[in-house]
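Quick note on labels: first sequence line is chain A, next is B, and so on, each numbered from 1.
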Amino acid sequence: DTEVTQTPKHLVMGMTNKKSLKCEQHMGHRAMYWYKQKAKKPPELMFVYSYEKLSINESVPSRFSPECPNSSLLNLHLHALQPEDSALYLCASSQAPDSLRQQYFGPGTRLTVT
Amino acid sequence: QKEVEQNSGPLSVPEGAIASLNCTYSDRVSQSFFWYRQYSGKSPELIMSIYSNGDKEDGRFTAQLNKASQYVSLLIRDSQPSDSATYLCAVNPGLGGKLIFGQGTELSVKP
């Protein structure tokens, strides 16, 4: 099983809402990632979790709050977002953060902020 | 600043032709290299990974790596309209899991 799942597939939220994105993998991977992707741009790394601890935060605004409850789950809590935060949010996982192996991407959540 | 560069395209080839996608990277210590395919509105899908100099073949796809020239390429033989997508070159420079992506090359295969 090389699957990373993400829910929801689509999300529309107002600027005052609080919502969460969820990501799950059952490959035993110990590194998990959040990316943001705008149209016609490559994925842009937001956060890296290594063995369930936040290891990299790419200077992401505090309105994005990641959480890793256990080795299989990754959440991204959203609060007071701006319309420019509308994008495809991708979760990925890999064997370990120092592994040279590939990252497996989930299908993404298409977020629209109104 | 570690960089990965790709021709943005679009690259247009006729059906059945060979599509050649190129990528250069700036960090000499990079050890792993990936090609992802991304259809519009979908997530990136791994096509090829390559770790050592030379060629690696998988079906219609061949990845080529030249670490001395800091160059990695992807050849798609017998291109099909279903290969029309954006191809992302990604490099792992060994920075705690960070992947450095190129801007992507848009490929269009015309029937």
(request) Flag the pair Gln102(A) / Tyr36(B) as yes when at least one side-chain heavy-atom distance between them is below 4.5 Å, and no otherwise. (result) yes
(request) Identify whether Tyr104(A) and Phe47(A) are in the same connected component of the hydrophobic contact network (ILVMFWY, side-chain heavy atoms under 4.5 Å). (result) no
(message) If we define contacts as heavy-atom pairs under 4.5 Å, which of Ala31(A), Ala39(A), Ala92(A), Pro43(A) has the most with chain B?
(response) Pro43(A)
(message) Tell me whether Leu75(B) shares a hydrophobic cluster with Val72(B), the cluster being built from Ile, Leu, Val, Met, Phe, Trp, Tyr side chains joined at under 4.5 Å.
(response) no
(message) When you group the ILVMFWY residues by side-chain heavy-atom contacts below 4.5 Å and let the links chain together, are Leu21(B) and Ile50(B) in the same group?
(response) yes
(message) Minimum heavy-atom separation for Tyr51(B) and Arg101(A), please, with both atom names.
(response) CE1-NH1, 3.1 Å
(request) Report yes if the side chains of Ser43(B) and Val4(A) come closer than 4.5 Å at any heavy-atom pair, otherwise no. (result) no
(message) Between Glu58(A) and chain B, with a heavy-atom cut-off of 4.5 Å, which part of the residue counts as in contact: side chain, backbone, both or neither?
(response) side chain
(message) The criterion is ring pair (Phe, Tyr, Trp, His ring centres under 6.0 Å); which residues satisfy it with Phe33(B), sequence neighbours excluded?
(response) Tyr25(B)
(message) Contact between Leu99(B) and Tyr33(A) at the side-chain level, heavy atoms closer than 4.5 Å - yes or no?
(response) no
(message) Applying a strict under-4.5 Å side-chain criterion to I, L, V, M, F, W and Y, I'd like to know whether Met32(A) and Val48(A) cluster together.
(response) no
(request) Below 4.5 Å from any heavy atom of chain B, which atoms of Gln37(A) appear? Answer side chain, backbone, both or neither. (result) side chain
(message) With clusters defined by side-chain heavy atoms of hydrophobic residues (ILVMFWY) lying less than 4.5 Å apart, directly or transitively, does Met15(A) cluster with Met13(A)?
(response) yes
(message) Check this for me: Lys41(A), atom NZ, are more than 12 non-hydrogen atoms of other residues, nucleotides or ligands nearer than 6.0 Å?
(response) no
(request) Apply side-chain contact (heavy atoms from CB on, under 4.5 Å) to the pair Phe105(A) and Lys42(B), showing each step before the final yes or no. (result) CA-CA 10 Å; Phe105(A) 283 86; Lys42(B) 302 295 186 182; over 6 Å; no
(message) Please classify the contact between Gln38(B) and chain A as side chain, backbone, both or neither, with a heavy-atom cut-off of under 4.5 Å.
(response) side chain
(message) Using side-chain heavy atoms (C-beta onward) and a distance below 4.5 Å, is Val4(B) in contact with Pro42(A)?
(response) no
